[in-house]
Amino acid sequence: VLLQSPDIFRVGVIHPGIDRTAPVSCTITGTRDSRSNLIRYHMEVESVVCGKTLCKVVPVRISWNELGIYERFDLSPGIMLEKDKGKPFTNADYRKLDRILADSDSPFSRVEPEQIIVYEEDDSSLDGITGATVLIDSSATVQGAVLTCYTLWHWVNGSIREEIRRISGDDRSLDELRVLLGHEEYPYREFALEQLHRRKAFDDTSMKAVGKMALGEGRPLFNRALNYFEDSTPEAYFRYLETLISNGTPAQRTGCLRSLMGSEIDPPQADYYDQLSRELAACDTYQEVDLMLKLMIAKNPGSREVIRQVVPLLERDILIARRAFWFLREEKLSESQEQQLETFRKKFSDYLERFANPMKTSKRTVLLLALLAAAGSIFAQRSMELFNRDWKFKLGDDPKYRIAAYDDSGWRHLNLPHDWSIEGDFSPDHPSGGSGGFFPEGIGWYRKNFSVDSARYNKRTVIRFDGVYMNSE
């Protein structure tokens, strides 16, 4: 590959070892191939950020590919990294450092500089490491060089990656990005979607390409495609979600239905939800049917067409049929539909009595929201802001998730309302039992970063959650 002259870029980068909020001005050098595409970047950094004068600092060159993925680090001839007491890095240490830098989920992402080491008063070591390390075990660092590992890891995996991706994204034409949507490697498809979204490429050609790509993707990238459509025009959003529901997998359809549940935009066509209800016949899982019916209750209540589409579900497997039964019990039916419902009730009366009506919870929730809305009107003069968008979610539990500065950049992005349990696999073995729809149980974390205007500092601010599931904190 013939390489052309390098490009120089000035960027601002956040490094927690230097300043947690103010960006540091850095110079990135980009290299192009014979087709004038940026294919690689490198930057010269200092090996360690040290609050004392005990650290030996040497220059290190770090290289990334065009996606901001770490490739390697290099030292100039005659330059070496050192550990405590002036011990030089061994070849094994250099190999371990390379593995540490390549791990974007390193424990270094979840700790602050002051949590890494404890200095002793008589400490005279070069790297300041005679005290105990905190929250970092030996497998995640080079012993005696924890500050060096921390410093270089944050240069490699910090906000510089976003800057590199932005530069590469701006360097590519929309046609080139659309081609990358079909790339065989996931990181390139992810990059292409991210850059089309960032550049607000909502032209029909781009949206068709994203829609085609999304149908072949798993949940993470499919959800990002949904976010892309959510930020497009209302007409395009509803049109492409209908297409994805019609042609997607059960998991993809549930993702689309959750998106529609969280949307506050009315569809351009008055009969949109009537038409969408015809997809009930193609719904294969309880989760899909449940979400579709919740959507119809919220967005299209009392529709005769929806009722017509739900009645045949009484002939499906018992879980789906039971869900259809409880829905229809709340609707105004024709005489023949009432007869079908009564026939089902008599046939499965024992089973129906054993399990509560899930619709009752929904009714209570609707009543609660109505009361809250009425109360909110009393205080209409107050400033109110919808807080449903741009949350981050991770299934699981870890004490570190409580730390405000915890790096949640790798968490899933989503909008509320959200129910992670119904995204899981249905199984009669789950401890939730029939009353919980046989869905998985567990703990999930939601985080949101937001800014407060200085004008509000001396005023009362309330975050109101209209509905949160049990055992929440």
Side-chain angles (χ1 to χ4, degrees), residues 67 169 172-263 265 267-269 272-296 299 309 320 393 395 412-415 418-420 422-426:
L67 305 186
R172 300 271 186 159
S173 68
L174 293 183
D175 280 341
E176 289 174 317
L177 291 174
R178 287 191 287 261
V179 170
L180 285 179
L181 289 173
H183 199 282
E184 61 181 8
E185 296 183 27
Y186 176 90
Y188 284 89
R189 301 195 303 275
E190 179 186 42
F191 167 76
L193 176 58
E194 171 190 279
Q195 297 306 311
L196 287 170
H197 194 170
R198 183 184 65 82
R199 291 173 60 173
K200 302 185 186 303
F202 299 129
D203 58 282
D204 200 47
T205 302
S206 295
M207 287 192 288
K208 284 181 179 178
V210 171
K212 180 180 179 181
M213 178 273 297
L215 288 171
E217 296 294 340
R219 184 172 295 158
L221 202 53
F222 183 84
N223 286 337
R224 293 191 180 188
L226 285 182
N227 292 338
Y228 166 85
F229 287 120
E230 287 168 354
D231 289 340
S232 67
T233 65
E235 187 278 331
Y237 167 69
F238 286 104
R239 174 160 51 92
Y240 278 99
L241 257 69
E242 186 175 14
T243 299
L244 293 174
I245 290 173
S246 298
N247 298 284
T249 64
Q252 291 171 343
R253 287 196 288 267
T254 57
C256 292
L257 293 171
R258 287 193 300 271
S259 176
L260 289 168
M261 279 287 290
S263 175
I265 306 170
Q269 308 100 313
Y272 180 84
Y273 288 111
D274 277 350
Q275 294 184 38
L276 190 64
S277 70
R278 296 167 188 168
E279 296 295 333
L280 275 166
C283 291
D284 298 322
T285 65
Y286 176 90
Q287 292 96 324
E288 296 171 80
V289 172
D290 179 59
L291 276 172
M292 182 72 85
L293 296 183
K294 287 179 178 177
L295 179 66
M296 295 303 155
K299 306 289 187 178
Q309 298 298 329
I320 290 178
F393 171 77
L395 181 58
R412 174 182 168 189
H413 287 71
L414 51 79
N415 298 326
H418 175 247
D419 183 348
W420 65 261
I422 63 175
E423 296 177 355
D425 295 329
F426 163 82

For side chain to side chain contact (heavy atoms under 4.5 Å, CB included), just list the numbers for R258 and L414, CA-CA rounded to whole Å, side-chain angles, deciding distance to a tenth of an Å, and then say yes or no. CA-CA 10 Å; R258 287 193 300 271; L414 51 79; over 6 Å; no
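- Separating the CE atom in M296 from the CG atom in L260 is a distance of 8.5 Å, to the nearest 0.5 Å.
- Of all the heavy atoms in S246 and E279, the pair that sits closest is OG-OE2, 2.9 Å.
- Judged as a side-chain contact (heavy atoms from CB on, under 4.5 Å), and not counting sequence neighbours, the contacts of P268 are E235, F238.
- Pairs engaging residues 215-227 under the side-chain hydrogen bond (donor to acceptor under 3.5 Å, both in side chains) rule: R189-E217, E190-R224 [sequence neighbours left out].
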List the steps, then state whether side chain to side chain donor-acceptor pair (under 3.5 Å) holds for E230 with S263. CA-CA 8 Å; E230 287 168 354; S263 175; over 6 Å; no
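- Looking at every heavy atom in both residues, I320 comes nearest to V289 through CG2-CG2, 3.9 Å.
- Side-chain contact between L241 and L226 is present, with at least one heavy-atom pair separated by less than 4.5 Å.
- A201 and S206 get closest at one heavy-atom pair: O-CB, 3.4 Å.
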Let me see the working for L291 and R253 under side chain to side chain contact (heavy atoms under 4.5 Å, CB included), right down to the final yes or no. CA-CA 9 Å; L291 276 172; R253 287 196 288 267; over 6 Å; no
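- Between L177 and F191 the shortest side-chain heavy-atom distance falls below 4.5 Å.
- Nearest heavy-atom pair across C256 and I245 is CB-CG1, 3.4 Å.
- With values rounded to the nearest 0.5 angstrom, T249 atom OG1 is found 11.0 Å from N247 atom CG.
- When side chains are defined from C-beta on, Q195 does not count as touching R172, because their heavy atoms never get closer than 4.5 Å.
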Trace of the salt bridge (charged side-chain N to carboxylate O under 4.0 Å, His left out) decision for R178 with D203: CA-CA 11 Å; R178 287 191 287 261; D203 58 282; 3.4 Å; yes
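- The side-chain contact (heavy atoms from CB on, under 4.5 Å) test applied to K208 returns D204, Y240, not counting sequence neighbours.
- Of the possible polar contacts, none joining the R412 side chain to the F393 backbone as a donor-acceptor pair under 3.5 Å is found.
- By the side-chain contact (heavy atoms from CB on, under 4.5 Å) test, E185 is found to be paired with H183, P187, Y188, residues two or more places apart in sequence or in another chain being considered.
- When side chains are defined from C-beta on, L174 does not count as touching T205, because their heavy atoms never get closer than 4.5 Å.
- A side-chain donor-acceptor contact under 3.5 Å links T243 to the backbone of R239.
- At a threshold of 4.5 Å between non-hydrogen side-chain atoms, the residues Q252 and L244 do not count as touching.
- If you take CZ on R199 and NE2 on H197, they are separated by 14.0 Å, rounding to the nearest 0.5 Å.
- No donor-acceptor pair closer than 3.5 Å links the side chain of E242 to the backbone N or O of L276.
- Screening residues 200-222 for ring pair (Phe, Tyr, Trp, His ring centres under 6.0 Å), with sequence neighbours left out, gives F202-Y228.
- The heavy-atom pair separating P250 from E288 by the smallest distance is CB-OE2, 3.2 Å.
- Scanning for side-chain contact (heavy atoms from CB on, under 4.5 Å) contacts around K299 gives Y273, L295, with sequence neighbours left out.
- When atom types are taken as modelled, the side chain of S232 and the backbone of F229 share a donor-acceptor pair closer than 3.5 angstrom.
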